[in-house]
Amino acid sequence: RYFVLREVPFGHDGDFSELAMVQRINSDLANDLGNLLSRSLQMIEKFRGSKLPESFNATELDKEIEALANKTVSDMTDCMDRFAFDDALKTLWTFISRSNKYIDETEPWKLGKNGEIERLDAVLRTLWESLRLSAVLVAPFMPDTAMRIWEQLGLTGDPLEGGRAAWSWGKLDGPVTVKKGAI
C-alpha cells in the first residue's frame, strides 16, 4: 500500500517492479523512518532510563523542527484534500529526513556523555515529538506500522483516534516511558 501511494499519483497509471518496491521500502521505511525511531528510542533508553523528559528549554534549532512539523501538518492536509497521496508522503518524508539530520546536528550521544542534560532533554523531546507526529501522519497509509511506533513511544490508544486535528507539538499528559521494540 505504501509503495503504490508513494509512487503512483492517485488516479493515474504507474510502473511497478519488485526491485523498485524493495528500494523504496529500504530507503524510506528502513533507512529513514526506522532509523529515526531506533536511534531516538535507543538514546532515550540509554541516557534517560527510557523516561521521556517532561520539560525542556527549546533552542532556535528545536523551534525550527517544531515549525517544520506545523508546516508538514498543514501541507499534508492540503495534499490529502486534493487526493495527492504521493505528495503527502513526500511532504512527510521531508520532515522525517530533516529529523534524522537534526540528530546528526545535535549529537545527543555527545550531550549525554558530556553531562549536558538540559540540552539533551530538549533534543530527546524534540525527536520524540517528531516521531509522534510521524506516527499520526503515516497512520492513514500504514496503520499497523503507525500503531507499532505509537506503542514504542509509550503511548496508549490509536494514532488515528484524534488524527491531525488533535495533534499539537508538546501536548503531553503525564510521564511517558518508551518501549523500544523490534526494528
Side-chain angles (χ1 to χ4, degrees), residues 1-8 16-53 61-62 64-66 68-69 71-73 75-76 79-80 85-112 120 123-160 163-164 167 169 172 176-183:
R1 176 176 13 185
Y2 173 79
F3 174 81
V4 171
L5 291 170
R6 175 67 162 83
E7 290 292 319
V8 181
F16 173 83
S17 73
E18 287 184 34
L19 177 62
M21 185 172 71
V22 168
Q23 288 174 333
R24 175 61 62 196
I25 288 170
N26 285 340
S27 171
D28 290 3
L29 303 182
N31 293 341
D32 292 341
L33 183 58
N35 196 32
L36 178 63
L37 179 66
S38 178
R39 291 170 79 189
S40 299
L41 295 184
Q42 183 177 11
M43 287 183 284
I44 294 171
E45 180 182 77
K46 179 178 181 176
F47 295 117
R48 305 307 282 145
S50 297
K51 305 283 188 222
L52 181 70
L61 182 57
D62 305 331
E64 176 189 318
I65 300 297
E66 179 182 355
L68 181 58
K71 183 179 181 334
T72 300
V73 171
D75 290 352
M76 278 193 71
C79 290
M80 297 293 277
F85 306 123
D86 58 325
D87 289 338
L89 286 167
K90 288 173 191 169
T91 298
L92 175 55
W93 252 260
T94 297
F95 176 72
I96 290 169
S97 294
R98 178 65 185 97
S99 297
N100 271 312
K101 184 179 175 191
Y102 172 82
I103 293 175
D104 296 332
E105 292 170 339
T106 57
E107 300 178 320
W109 55 90
K110 286 185 180 178
L111 297 172
L120 177 64
V123 170
L124 296 178
R125 182 60 186 265
T126 298
L127 290 169
W128 185 88
E129 291 288 353
S130 296
L131 284 161
R132 185 170 66 95
L133 173 62
S134 297
V136 168
L137 296 179
V138 82
F141 305 97
M142 298 185 300
D144 293 340
T145 297
M147 192 62 197
R148 285 194 305 270
I149 293 169
W150 201 252
E151 290 169 352
Q152 289 184 52
L153 292 175
L155 299 168
T156 58
D158 187 324
L160 285 170
R164 291 184 314 270
W167 180 86
W169 189 268
L172 178 66
V176 172
T177 302
V178 301
K179 303 168 191 122
K180 189 174 177 213
I183 297 174

Chemist: Going by an N to O cut-off under 4.0 Å, is there a salt bridge joining E151 and R148?
Modeler: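 The answer is no: the pair does not qualify as a salt bridge.
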Chemist: What's the spacing between I65 CD1 and L127 CG if we round to 0.5 Å?
Modeler: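 Between atom CD1 of I65 and atom CG of L127 there are 8.5 Å.
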Chemist: Excluding sequence neighbours, so at least two apart, what forms side-chain contact (heavy atoms from CB on, under 4.5 Å) with K46?
Modeler: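 Testing K46 for side-chain contact (heavy atoms from CB on, under 4.5 Å), a comparison that skips the adjacent residues, returns none.
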Chemist: Quick one: list whatever passes side-chain contact (heavy atoms from CB on, under 4.5 Å) with E107, sequence neighbours left out.
Modeler: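 In terms of side-chain contact (heavy atoms from CB on, under 4.5 Å), with neighbours along the sequence ignored, E107 is linked to W109, K110.
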Chemist: Might you point out which heavy atoms bring P159 and A135 nearest each other, and give the distance in Å?
Modeler: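 So the minimum-distance heavy-atom pair works out to CB-O, 4.0 Å.
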Chemist: Please check: side-chain N/O of S38 versus main-chain N/O of G34, any donor-acceptor pairing under 3.5 Å?
Modeler: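 Checking the backbone N and O of G34 against the side chain of S38, no donor-acceptor pair under 3.5 Å is found.
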Chemist: Should E45 and K51 count as an ion pair when the cut-off is N to O under 4.0 Å?
Modeler: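 Not counted as a salt bridge, because no side-chain N and carboxylate O are separated by less than 4.0 Å.
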Chemist: What distance separates N100 CG from S40 OG, expressed to the nearest 0.5 Å?
Modeler: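 If we round to the nearest 0.5 Å, N100:CG and S40:OG are 7.5 Å apart.
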Chemist: Is it the case that the side chain of W150 and the backbone of T156 share a donor-acceptor pair, with hydrogens and angles ignored and the cut-off at 3.5 Å?
Modeler: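 Between the backbone of T156 and the side chain of W150 there is a qualifying donor-acceptor contact (under 3.5 Å).
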Chemist: Return the CD1 to CG distance between I103 and L36, rounded to the nearest 0.5 Å.
Modeler: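 I103 atom CD1 to L36 atom CG measures 5.0 Å (nearest 0.5 Å).
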Chemist: What distance separates E66 CD from S130 OG, expressed to the nearest 0.5 Å?
Modeler: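 Rounded to the nearest 0.5 Å, the CD-OG separation comes out at 10.0 Å.
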Chemist: Drop me the distance from Q42's CD to L37's CG, to the nearest 0.5 angstrom.
Modeler: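 Atom-to-atom, Q42:CD and L37:CG are 11.0 Å apart.
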Chemist: Could you tell me whether R98 and D32 have a side-chain N and a carboxylate O separated by less than 4.0 Å?
Modeler: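 D32 and R98: not salt-bridged.
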